[in-house]
Amino acid sequence: MARVLVFGELGSKGLNSGVAKAVRCAMDLQPAALDVLCLVADESQEGIKQAARLQGVTKVLVRIHDAFAEPLAAVMGNALVEMAGDYTHILAANTTVGRDILPRVAARLGVQQISDIMRVESERVFDRPTYAGNAITTVEAPEGMVVVATVRTASYRAVPEEGDAVVEAQPFNVSPPSHTRFVERREAKGERPDLQTARKVVSGGRAVGSSENFQIIANLADRLGAAVGASRAAVDAGYAPNELQVGQTGKIIAPDLYVAIGISGAIQHLAGIKDAGTIVAINKDGEAPIFEIADLGLEGDLFKVIPELEKLLP
Amino acid sequence: MSDMKIMVGVKRVIDYNVRVQVKSDGSGVVTDGVKMSINPFDEIALEEALRLKEAGKAAEVIAVSVGPSQAQEQLRTALAMGADRGILVTTAEQPQPLAVAKIFAALYAKEQPGLVILGKQAIDDDAGQVPQMLAGLLDVAQATNASKVELEGESARVTREIDTGIEVIEIRLPAVLSVDLRLNEPRYVKLPDIMKAKKKPIETIDAQALGVERLTFLRVIKTSTPPARQGGHKVGSVEELVQELKQRGFV
Ligand SMILES: Cc1cc2nc3c(=O)[nH]c(=O)nc-3n(C[C@H](O)[C@H](O)[C@H](O)COP(=O)(O)OP(=O)(O)OC[C@H]3O[C@@H](n4cnc5c(N)ncnc54)[C@H](O)[C@@H]3O)c2cc1C
Ligand SMILES: Nc1ncnc2c1ncn2[C@@H]1O[C@H](COP(=O)(O)O)[C@@H](O)[C@H]1O
């Protein structure tokens with residue numbers, strides 16, 4: 001029987017939304033135990049209670065040390081390695097934090113990590129995307145070794161917060177390495193929905209033309225109650241910040257509605273929206289590849305279309 | 001550390017412009033007659049190494065590729081871009097990230113570089129593992145998804161792209177970096193450089209000679225094509241679009 005440890009990533013907004021999705025993936029292993037591990041410097045964090053409410057969770061293990069104030073891979077990785085002995089599987093959501101820490105853990109445990117689980121076939125057999133999602137590879141992990149894997153959050157719905165797991169908190173001894181020091185983090189503040197969890201997303205591409213113009217995309221997003229996204233070209237050009245990039249090497253998302261404006265539809269961009277419900281494309285080039293996958297396409301100049309659209313929206 | 005060596009990963013992958021096709025028997029993807037290139041992130045890694053060298057902060061840039069003998073081609077391109085020498089580690093089959101990390105660890109022991117700069121992910125396996133695994137095996141600092149690297153003596157201040165924005169960390173060398181798209185814009189190779197690169201050395205070593213016997217750990221059962229999205233239709237006007245969005249309950 002599987003015994004699963006899920007990394008309980010905490011951030012400035014509490015429990016990372018990917019944790020509830022990783023827990024859903026863990027449930028597919030029909031585990032005898034499903035523990036969430038929160039590594040903290042301060043045990044009063046709200047996210048810990050949230051983790052305990054996740055349906056399916058057996059126990060929330062809280063390990064406390066000052067060095068856990070920031071999610072440094074070397075520090076947290078060592079803690080995970082120490083706890084690995086009790087588990088058959090160690091999972092983390094495929095966030096930048098999870099992806100930073102888990103391979104380090106896998107290497108120290110001498111196992112090959114499985115990146116981006118999109119389906120659990122059995123305790124040892126998993127599907128994962130390769131080639132920007134243009135191929136799916138089914139892999140089997142070797143018997144008798146712990147499975148270390150990240151979970152593709154766009155493939156799983158969050159489990160509901162209906163549980164009531166035990167929280168077990170205790171101080172933890174790590175010797176933090178002296179080779180890494182956290183300096184600062186600059187996070188966007190704002191009222192907009194989070195790109196990773198939003199039901200609707202409006203994205204702008206290179207065609208938007210400037211960071212001032214990107215406000216047009218943001219305004220439309222606000223009208224629709226949507227999060228804002230961007231193509232790589234728009235981010236590279238400085239029209240939008242890096243955390244808004246959607247795609248193979250940005251965020252992989254699965255909103256109910258995705259509106260791509262002035263985005264051509266390169267393979268790498270499409271890799272980020274394959275699981276979206278309805279895709280709407282607005283592009284002035286009728287031949288743009290985005291139209292091949294869009295559920296609803298509108299050929300036109302975004303600078304004319306968006307003002308008209310805003311007028312007609314209820 | 002102006003006598004510092006930098007080791008850079010150069011993976012041979014299917015070019016990012018190719019529409020990858022899965023073989024009908026599920027044994028992998030079609031590679032016959034398909035254009036192969038340096039993994040795009042590795043060009044960025046190499047560019048960063050070259051800039052550090054040009055700024056007098058490193059003495060030598062070593063490009064390393066692990067894989068089939070054809071990866072010579074990608075190493076030649078790396079040499080033409082400006083790497084000083086190449087190392088080709090040949091393997092009988094496509095190695096999985098843990099094996100690649102072990103191979104890099106063995107080369108690290110031989111070469112003692114101050115920095116290993118790799119891509120944040122290989123665009124074929126999309127694993128995103130080798131840099132972190134290598135740092136773990138060596139028990140040194142790692143800075144992934146770097147979008148800015150400021151090297152000052154024995155330490156580096158690295159700006160990283162994270163889900164919520166930007167993070168800055170300071171690491172002490174030796175260290176492993178993985179690079180993100182916005183770190184730099186790789187240079188183009190000029191014809192005279194291609195000629196010059198022909199004279200630069202490429203050393204070929206077999207993985208076994210480095211003590212790495214095992215190349216795969218996960219058994220690949222099959223490769224399949226994901227269900228294709230059904231395209232929809234075009235609408236003729238903004239009114240129609242709004243109508244459709246209303247019908248679907250989005251507005
Ligand atoms: C390793 C690698 C990783 C990558 N990862 C990503 C990734 O994660 N995400 C990503 O998005 N890209 C990624 N890319 C880049 C990708 O290949 C494309 O270059 C990028 O997606 C193009 O962005 P775009 O569609 O905004 O720009 P373009 O391709 O330039 O398209 C602009 C579109 O706007 C249309 N247009 C122009 N003017 C107007 C107007 N006035 N009104 C309406 N439409 C207009 C044009 O017809 C065109 O279709 C990656 C590339 C590489 C090599
Ligand atoms: N076979 C290889 N040869 C050289 N470098 C590699 C190889 N595989 C991975 N790397 C390096 O590790 C990075 C991440 O690869 P991966 O973990 O496979 O996504 C790549 O961008 C390369 O820099």
Side-chain angles (χ1 to χ4, degrees), chain A residues 11 73-74 77 95-96 99-100 103-104 106-108 111-115 125 129-142 179-188 200 224 232 236 241-243 249 257 267 274 278 291-299 305 308-309 312-314, chain B residues 14 16 19-20 22 29 96-98 101 120-121 123-129 132-133 135-137 140-142 144-145 147 157 161-172 175 181-182 217-226 229 231-235 238-239 241-242 244 248 250-251:
Chain A
T95 61
T96 43
R99 292 200 298 264
D100 198 30
R104 194 165 174 126
R108 299 202 56 127
V111 300
Q112 174 57 55
Q113 175 183 286
I114 301 171
S115 296
V125 179
T130 50
Y131 296 95
N134 289 303
I136 294 173
T137 306
T138 306
V139 294
E140 182 180 32
H179 56 52
T180 308
R181 191 174 71 84
F182 172 84
V183 179
E184 63 167 326
R185 186 175 302 114
R186 298 193 286 269
E187 297 184 320
K200 302 176 195 171
L224 290 165
R232 171 189 171 185
D236 282 2
N242 64 276
E243 66 269 21
T249 57
L257 174 68
I267 303 168
K274 286 210 154 87
T278 298
F291 286 125
E292 288 166 32
I293 61 132
D295 299 279
L296 296 169
L298 177 61
E299 237 178 278
V305 169
E308 270 185 64
L309 188 56
L312 292 173
L313 285 176
Chain B
I14 294 181
Y16 78 97
R19 273 193 192 220
V20 169
V22 174
V29 303
Q96 289 177 352
L98 180 59
K120 90 162 177 185
Q121 77 197 65
I123 59 160
D124 50 1
D125 64 12
D126 280 335
Q129 298 180 13
Q132 302 90 307
M133 286 188 147
L137 293 175
V140 300
Q142 73 184 49
T144 53
N145 306 357
S147 63
R157 177 178 276 248
E161 294 197 359
I162 57 170
D163 284 342
T164 51
I166 289 290
E167 182 177 282
V168 182
I169 60 173
E170 222 167 62
I171 54 174
R172 205 182 57 230
L181 292 169
R182 280 166 282 277
F217 306 86
L218 303 174
R219 186 169 73 89
V220 178
I221 296 176
K222 66 173 192 291
T223 304
S224 47
T225 308
R229 271 193 86 97
H233 61 278
K234 281 191 187 162
V235 293
V238 179
E239 287 82 3
L241 177 61
V242 172
E244 294 257 14
R248 294 167 194 238
F250 291 125
V251 299

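Within every chain, numbering begins at 1; the chains are lettered A, B, ... in the order of the sequence lines, protein sequences first and strands thereafter. Both backbone and side-chain heavy atoms feed into the values below; hydrogens, waters and symmetry mates do not.
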>> Under 4.5 Å from any heavy atom of chain A, what part of B/Arg19 do you find: side chain, backbone, both or neither?
In response: both
> Which residues satisfy the side chain to side chain donor-acceptor pair (under 3.5 Å) test with B/Gln129, sequence neighbours excluded?
Replying inline: A/Gln112, A/Ser115
>> Does any backbone or side-chain atom of A/Tyr131 lie under 4.5 Å from a heavy atom of chain B? Answer side chain, backbone, both or neither.
In response: both
> Hey, what do you get for CZ (B/Phe250) to CG (A/Leu296), rounding to the nearest 0.5 Å?
Replying inline: 9.0 Å
>> Please classify the contact between B/Gln142 and chain A as side chain, backbone, both or neither, with a heavy-atom cut-off of under 4.5 Å.
In response: both
> Is there a donor-acceptor pair closer than 3.5 Å between any side-chain N or O of A/Thr180 and the backbone N or O of B/Ala141?
Replying inline: no
> Among B/Val140, B/Thr144, B/Leu241, B/Ile14, which has the most heavy-atom pairs under 4.5 Å with chain A?
Replying inline: B/Val140
> Looking at B/Thr225, B/Asp125, B/Val22, B/Leu137, which one has more heavy-atom pairs under 4.5 Å with chain A than the rest?
Replying inline: B/Asp125
> At a heavy-atom separation under 4.5 Å, does A/Ile267 approach chain B through its side chain, its backbone, both, or neither?
Replying inline: side chain
>> For B/Ala127, which atoms come within 4.5 Å of any heavy atom of chain A: side chain, backbone, both, or neither?
In response: both
> Which residues satisfy the salt bridge (charged side-chain N to carboxylate O under 4.0 Å, His left out) test with B/Lys234, sequence neighbours excluded?
Replying inline: A/Glu299
> Would A/Glu292 and B/Arg229 satisfy side-chain contact (heavy atoms from CB on, under 4.5 Å), going step by step from the backbone distance to the final call?
Replying inline: CA-CA 9 Å; A/Glu292 288 166 32; B/Arg229 271 193 86 97; over 6 Å; no
>> Is the shortest side-chain heavy-atom distance between A/Pro142 and B/Leu218 below 4.5 Å?
In response: yes
>> Between A/Pro314 and chain B, with a heavy-atom cut-off of 4.5 Å, which part of the residue counts as in contact: side chain, backbone, both or neither?
In response: side chain
>> Taking side chain as everything from C-beta outward and backbone as N, CA, C, O, which of these in A/Ala141 sits under 4.5 Å from a heavy atom of chain B? Side chain, backbone, both or neither.
In response: both
> Where on B/Val29 is there a heavy atom nearer than 4.5 Å to chain A: the side chain, the backbone, both, or neither?
Replying inline: side chain
> Which atom pair, heavy atoms only, marks the closest approach of B/Thr164 to A/Arg185?
Replying inline: OG1-CD, 4.3 Å
> When rounded to the nearest 0.5 angstrom, what is the spacing between CD1 in B/Ile162 and CD in A/Glu187?
Replying inline: 5.5 Å
>> Less than 4.5 Å to any heavy atom of chain B: does that hold for the side chain of A/Leu309, its backbone, both, or neither?
In response: both
> Atom CE of B/Met133 and atom CZ of A/Arg104: how far apart are they, to the nearest 0.5 Å?
Replying inline: 12.0 Å
> Contact part of A/Val111 toward chain B, heavy-atom cut-off under 4.5 Å: side chain, backbone, both or neither?
Replying inline: backbone
>> What I'd like to find out is whether the side chain of A/Asp295 reaches to under 4.5 Å of the side chain of B/Glu244, using heavy atoms alone.
In response: no
> Is the closest side-chain heavy-atom distance between B/Arg182 and A/Asp236 below 4.5 Å?
Replying inline: yes
> Quick one: what part of B/Val220 sits under 4.5 Å from any heavy atom of chain A, side chain, backbone, both or neither?
Replying inline: both
> Looking at B/Thr223, B/Asn145, B/Val242, which makes the most heavy-atom pairs under 4.5 Å with chain A?
Replying inline: B/Thr223
